[in-house]
Amino acid sequence: RLPVTRGGGVHPRWSANGRELFYRSGRRLMALDVRADSSGLSFGTPSVVYEFATVLGRWITYYDPHPDGVHVVVVDPIPARRRPPVVVLNWFEELKAKVGN
């Protein structure tokens, strides 16, 4: 075990390429770079990736790094800004019209 942050965190997840570590710290989803060389592991400065609207349950993750290495999928059960739902009707027909048969 190696300490990664001074502030602590829960629910660590690795990026697909293994060069970035994500974790939750209170309401924040954090990320930091991880480098490995002959002297061992070194960690970059943590940065905030996302801030949840409220402190979440300790045992629930609510996020996962996407395999593309660019995106992170986040489920925020209480979004900070509530937006009305968008319902798209006949989307398959619209897709066929745009792409062709």
Side-chain angles (χ1 to χ4, degrees):
R1 291 184 174 196
L2 293 171
V4 174
T5 71
R6 292 182 181 171
V10 295
H11 301 293
R13 296 279 189 266
W14 288 102
S15 64
N17 65 14
R19 296 185 190 138
E20 193 170 22
L21 182 64
F22 296 87
Y23 63 94
R24 275 192 26 223
S25 179
R27 292 177 38 198
R28 294 184 173 142
L29 174 59
M30 308 294 289
L32 55 84
D33 292 330
V34 179
R35 291 174 292 286
D37 57 26
S38 59
S39 63
L41 291 175
S42 61
F43 303 102
T45 303
S47 62
V48 177
V49 174
Y50 183 82
E51 189 156 341
F52 292 94
T54 186
V55 176
L56 304 172
R58 179 171 171 76
W59 308 112
I60 304 172
T61 306
Y62 289 116
Y63 78 93
D64 202 27
H66 193 277
D68 68 6
V70 176
H71 298 93
V72 178
V73 177
V74 174
V75 176
D76 194 341
I78 306 172
R81 286 174 256 134
R82 295 202 181 263
R83 286 177 242 138
V86 175
V87 177
V88 179
L89 301 175
N90 301 318
W91 66 270
F92 195 69
E93 286 73 19
E94 184 178 338
L95 177 65
K96 284 196 289 188
K98 289 184 179 189
V99 179
N101 292 334

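Being a predicted model, the structure only gives us computed values, none of them experimental. Index from 1, following the sequence.
Gly8 and Ser25 get closest at one heavy-atom pair: O-OG, 3.7 Å. Scanning all heavy atoms of the two residues, the minimum distance from Ser15 to Asn17 falls at OG-OD1, 2.7 Å. Gly44 and Leu32 make their closest contact through O-CB, 3.9 Å (heavy atoms, listed as atom of the first residue, atom of the second, distance). Here the closest heavy-atom approach between residue Pro67 and residue Ala16 is recorded as O-CB, 3.5 Å.
The NE2 atom of His11 lies 12.5 Å from the CG atom of Asp64; values are rounded to the nearest 0.5 Å. A distance of 11.0 Å separates CE of Met30 from CG of Leu21, quoted to the nearest 0.5 Å. Put simply, CG on Leu29 and CZ on Arg24 are 9.0 Å apart, with the number rounded to the nearest 0.5 Å. Between atom CZ of residue Phe22 and atom OH of residue Tyr50 there is a gap of 14.5 Å, rounded to the nearest 0.5 Å.
Remark: Asp68 pairs with His66, Val70, His71 by the side chain to side chain contact (heavy atoms under 4.5 Å, CB included) rule, at least two apart or across chains.
In the displayed structure, Arg35 atom CZ is contacted under 6.0 Å by more than 12 heavy atoms of other residues, nucleotides or ligands.
In this structure a side-chain-to-backbone donor-acceptor pair under 3.5 Å is missing from Tyr23 to Val4.
Phe52 and Val73 end up in different hydrophobic clusters when Ile, Leu, Val, Met, Phe, Trp and Tyr side chains are linked at under 4.5 Å.
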